[in-house]
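Remember, it's 1-based here, ligands and their atoms both numbered in the order they're listed.
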Amino acid sequence: MRQLLNDPVSKDSGFVMETQCPFCSVQCKMQITKAMPVPGARRYSYTVEGVPNAASEGRLCVKGMNAFQHAVSADRLLHPLVKRNGEFVPVSWEEALNTIRDRFISISEEHGPDAIGLYGGGSLTNETAYLLGKFARVALGTKYIDYNGRFCMSAAASAGAKTFGVDRGLTCRLSDIPLARCIVLAGTNIAECQPTLMPYFTKAKENGATIIVIDPRVTATASIADIHLQIKPGTDAALANGMLKVLLEEDMIDEKFITARTNGYDELKRHLSEVSLQEVAELTGIDEANIRKAAAAYGKAPTGIIFTARGVEQQTDGHVAVRNFLNMVLATGKIGKPGCGYGAVTGQGNGQGGREHGQKSDQLPGYRSIESDVDRAYVAKVWGIDPEQLPRKGVSAYEMMELVHQRAIRSLFVMGSNPVVSNPNANLVEEGLSKVDFFVVADMFLSETARMADVVLPVTAYLENDGTLTNLEGRVLLRETTLSAPGEAWHDWAILCELANRLGKSSYFSFQSSEQIFEELRVASRGGLADYYGITYDRLRREGGVYWPCPSPEQEGLGNMFKDSFAHSDGKAVFHPVQSRLPQETPDEEFPLTMTNGRVLSHYLTGVQTRRSPSLAARSVENYVEIHPRTARKYQIEDGEWVEVSSRRGSFNVRSRITDQIREDTLFVPMHWGGIQNVNKATSPELDPNCKMPGFKTSTVMIKPLRMRRS
Ligand SMILES: Nc1nc2c(c(=O)[nH]1)N[C@H]1C(S)=C(S)[C@@H](COP(=O)(O)OP(=O)(O)OC[C@H]3O[C@@H](n4cnc5c(=O)[nH]c(N)nc54)[C@H](O)[C@@H]3O)O[C@H]1N2
Ligand SMILES: Nc1nc2c(c(=O)[nH]1)N[C@H]1C(S)=C(S)[C@@H](COP(=O)(O)OP(=O)(O)OC[C@H]3O[C@@H](n4cnc5c(=O)[nH]c(N)nc54)[C@H](O)[C@@H]3O)O[C@H]1N2
Ligand code: SF4
Ligand SMILES: [Mo]
């Protein structure tokens, strides 16, 4: 694709570079060329082409094609900003960093180190995510650190850890997909969210696979389904109970596998004997015949893979809902063999690596636990500190926002997230952040969150910042860059090193490059579940990517996991009986509809980046709510008019989009807009007790037109 563009920020004139997309978890490789179309032309032309690699096989989607536009946009932050009398003024790095140091020290002295919270993100490289965890524990000594992955991967990650003993998004390789004869896509809209993966699924279909999609909407992904189960939001756990019951009743289970490789089957069996298929049908809104058909398709297929994503996981029972799908995987023995497995379709570019190396409140690098004495001792030794100095575990992302609101956390440092838009119950989050004593944000843009900060630090984008990212398969990839930073933007990791230096901790943060940080990460992760020790930058350059776990440089990484054993100490996987239940909130007279939410093809998360890319912004300029024609009639809503959607938490305004591709009792709203169009003003902050995932996907709401009514 070739485009002409004004490029006000980049110092570099022409270039050809290979890089990776900054957006989703596929991490498609691409080549970007910037050149003068003709000598003396006033605008540069950019050409973006996919580069063949094992995951995307050279494909790019529309977001990847246009990603460079935000990176070279005139909106990029070029200087540190400090707020004075409510206005941002550009200052030197010296002044910005000294201000942060002074305020952090005074807040820590007055209220203790835990009065400072850190909030990271899954777009950060492994190196930065690792360093952020170390910065919290070693430079600040605070227990409060968490990150946006809590809203993304926590339900599936915790379920994988409990069932298999380890969480790696895909237990198999992408190349196993075409070998599967049945594929379950539960609450995942691959066609819009990981579009370059779609050919794996169409290939499977050509090879004879049955594709089952579980989604309340007829999505672009559902268009390839052989069976579409148009489920009532929030009832996936019940549906899995129904399917398990049929698997058992019709003897489609793998007794040999169950005996040799699992624990807890008898309990599951007892539990399923009490499940009524009729009740499941009522709860889920899917009739018995279709539940039977789907269960049989999966149960009878010789190979199969179940995928889940945020539709199943962003629920207050997301953890157990995933575990119930994993019960299906284990009961049929469809794991550890070619064409078999489970996939949590990771979301962000480094959603996988970002959850392994310590920016989560209870975690140390390599998936180690901050509450385990052995793990604490190991990491403390690598870091050269006493284990006693390591704080204990803190709280999850939204709980941190509650502590901010209660003023227990007095200062917050956000790196790589836009929490004012992406947290549930956004009004409370905004109110909390407006009261915080001292607020720092590191971003490329003045996001909705950055606007509220006292100090904003400009950072480098994917075209300028190198480092490793781990894709949805658990494959570690090296993103190389050649561009220099625009203005005075710094790399995230360099900011952390320099701040640590000013806080008197320079000896622990004396890194000069991301590779040096990776060298320490290798050792810190060594022997952990996510073992990166065998991976080096040189190796990544040579091999294009390496799967973890990879315990030694001589070994290959592990593609298809669990061939002979699982990661629990006895080598067995664990069944877990799951209760069928209704979602936390159920419709009533005041709030009669269920609202779910999610994504559209051309925008990414809170849209801070994609709304600054003209080609992407033009495809989707404002937010909307999908509503069924009969529901629209009932609430007197016309197509394309402004409506107010409200819940017990708050309300937002968007345009209506009438479509029969959604259930009558359900509304759908994308999550890519802030301010008055922010869906999270109405979402529920109820958290899953197991993993602290908010129940984003099921809130009860009412809807009304905003038009003036003639009396
Ligand atoms: N274009 C685009 N791609 C992205 C992103 C983006 O913002 N834009 N974000 C990236 C990130 S961080 C993530 S986490 C992933 C998310 O990827 P997905 O999880 O696939 O995306 P969502 O649209 O949030 O949700 C998927 C589907 O779940 C359905 N759903 C809603 N409620 C329920 C339910 O109760 N049960 C079931 N079974 N389904 C339900 C929705 O209708 C939706 O089609 O995408 C990544 N890729
Ligand atoms: N209602 C509802 N809410 C949701 C979801 C949903 O499905 N429904 N999904 C949830 C999910 S899955 C996710 S992942 C979250 C994501 O929500 P956020 O964490 O808010 O994600 P982004 O919008 O990507 O915000 C990232 C910010 O970091 C900046 N940034 C990008 N790269 C870098 C970098 O390398 N360094 C630094 N310092 N900054 C960078 C961007 O400019 C942007 O301002 O939203 C969650 N919120
Ligand atoms: S958004 Fe995802 S699928 Fe699209 S180009 Fe980027 S990494 Fe690839
Ligand atoms: Mo995500």
Side-chain angles (χ1 to χ4, degrees), residues 22-26 61-63 70 119-125 128 147-153 185-195 213-217 219-222 229 231-236 239 307-315 321 345-351 397 414-424 426 441-450 457-462 465 467 491-492 495 583 594-610 612 626 662 666 668-672 678-680 682-683 694 696-699:
F23 299 131
C24 88
S25 52
V26 188
C61 83
V62 65
K63 283 186 301 307
H70 79 255
Y119 192 112
S123 297
L124 304 174
T125 59
T128 299
Y147 78 120
N148 67 11
R150 187 66 77 159
F151 302 150
C152 186
M153 295 311 304
L185 297 169
T188 166
N189 186 6
I190 306 259
E192 298 202 61
C193 296
Q194 291 82 15
V213 167
I214 306 169
D215 199 302
R217 303 183 303 137
T219 58
T221 309
L229 306 178
I231 193 168
K232 257 190 220 166
T235 62
D236 291 86
L239 174 63
F307 291 90
T308 67
R310 307 309 86 76
V312 172
E313 300 159 17
Q314 288 173 330
Q315 308 282 0
V345 188
T346 295
Q348 298 174 88
N350 198 28
V414 173
M415 182 171 266
S417 181
N418 187 14
V420 178
V421 181
S422 53
N423 269 248
V441 173
D443 206 300
M444 289 173 276
F445 297 111
L446 210 52
S447 66
E448 288 83 351
T449 303
L457 303 174
V459 303
T460 46
Y462 78 110
N465 186 11
H491 301 317
D492 291 298
I495 294 173
T594 299
M595 178 187 71
T596 191
N597 47 66
R599 289 148 172 86
V600 302
L601 173 66
S602 57
H603 279 294
Y604 187 68
L605 297 174
T606 66
V608 174
Q609 295 164 93
T610 45
R612 287 178 169 85
E626 279 181 8
I662 188 164
T666 304
F668 174 84
V669 183
M671 61 159 296
H672 311 297
N678 184 2
V679 66
N680 277 325
T683 49
F696 281 120
K697 288 284 198 267
T698 349
S699 307

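Distance alone, capped at 3.5 Å, is enough to place a donor-acceptor pair between the R310 side chain and the V345 backbone. Not a single donor-acceptor pair under 3.5 Å links the side chain of T188 to the backbone N or O of T308. Between the side chain of N680 and the backbone N or O of M671, no donor-acceptor pair lies under 3.5 Å.
Annotation for D236 and G311: closest pair OD1-O, 4.1 Å, computed over non-hydrogen atoms. Considering all non-hydrogen atoms of both residues, A186 and V312 come closest at O-CG2, 3.4 Å. The two residues M595 and A682 have their closest heavy-atom pair at CE-CB, 4.3 Å. Shown here for R599 and F668, the closest heavy-atom pair between the two residues is N-CZ, 3.8 Å. Contact record, K697 with T596: O-OG1, 2.9 Å, taken as the closest heavy-atom pair. Taking all atoms of both residues into account, the shortest heavy-atom contact from G121 to N148 is CA-OD1, 3.4 Å.
Residue-level proximity to ligand 2 for L124 is carried by the side chain, the only part with a heavy atom below 4.0 angstrom.
Within the listing of ligand 2, atoms 1 (N) sit less than 4.0 angstrom from a heavy atom of V679. Atoms of ligand 2 lying under 4.0 Å from at least one heavy atom of G416, given by number and element, are 26 (C), 27 (C), 28 (O), 37 (C), 38 (N), 39 (N), 40 (C). Contact atoms of ligand 2 toward M415: 38 (N) (distance under 4.0 Å to a heavy atom of the residue). Residue S447 approaches ligand 2 through these ligand atoms, each under 4.0 Å from one of its heavy atoms: 44 (O). Of all atoms in ligand 2, listed by their number and element, those nearer than 4.0 Å to a heavy atom of N680 are 1 (N), 2 (C), 3 (N). Atoms of ligand 2 lying under 4.0 Å from any heavy atom of V459, numbered from 1 in the order shown and given with element: 36 (N), 37 (C), 38 (N). Of all atoms in ligand 2, listed by their number and element, those nearer than 4.0 Å to a heavy atom of A442 are 37 (C), 38 (N), 39 (N). Interface atoms of ligand 2 facing N418, defined by a heavy-atom separation under 4.0 Å, are 18 (P), 19 (O), 20 (O), 25 (O).
Some N or O of S417 is nearer than 3.5 Å to an N or O of ligand 2, by distance alone. Note: no N/O pair closer than 3.5 Å links T683 and ligand 2 by distance alone.
Using bins of under 30°, 30° to 60° and over 60° for the plane-to-plane angle, the ring pair F445/H70 lands in the perpendicular bin. Note on ring orientation: taking the six-membered ring where Trp is involved, the planes of F151 and F696 are perpendicular (angle over 60°, cut-offs 30° and 60°).
Protein residues having a heavy atom under 4.0 Å from any atom of ligand 1 are C24, K63, C152, G187, T188, N189, E192, C193, Q194, I214, D215, P216, R217, T219, I231, P233, G234, D236, A309, R310, G311, Q315, G347, Q348, T596, G598, R599, V600, L601, H603, Y604, L605, H672, K697, listed by chain and number.
Contact annotation: D443 has at least one heavy atom less than 4.0 Å from an atom of ligand 2.
Partners of N465 by side-chain contact (heavy atoms from CB on, under 4.5 Å), not counting sequence neighbours, listed by chain and number: T460, R479, H491, D492, W493.
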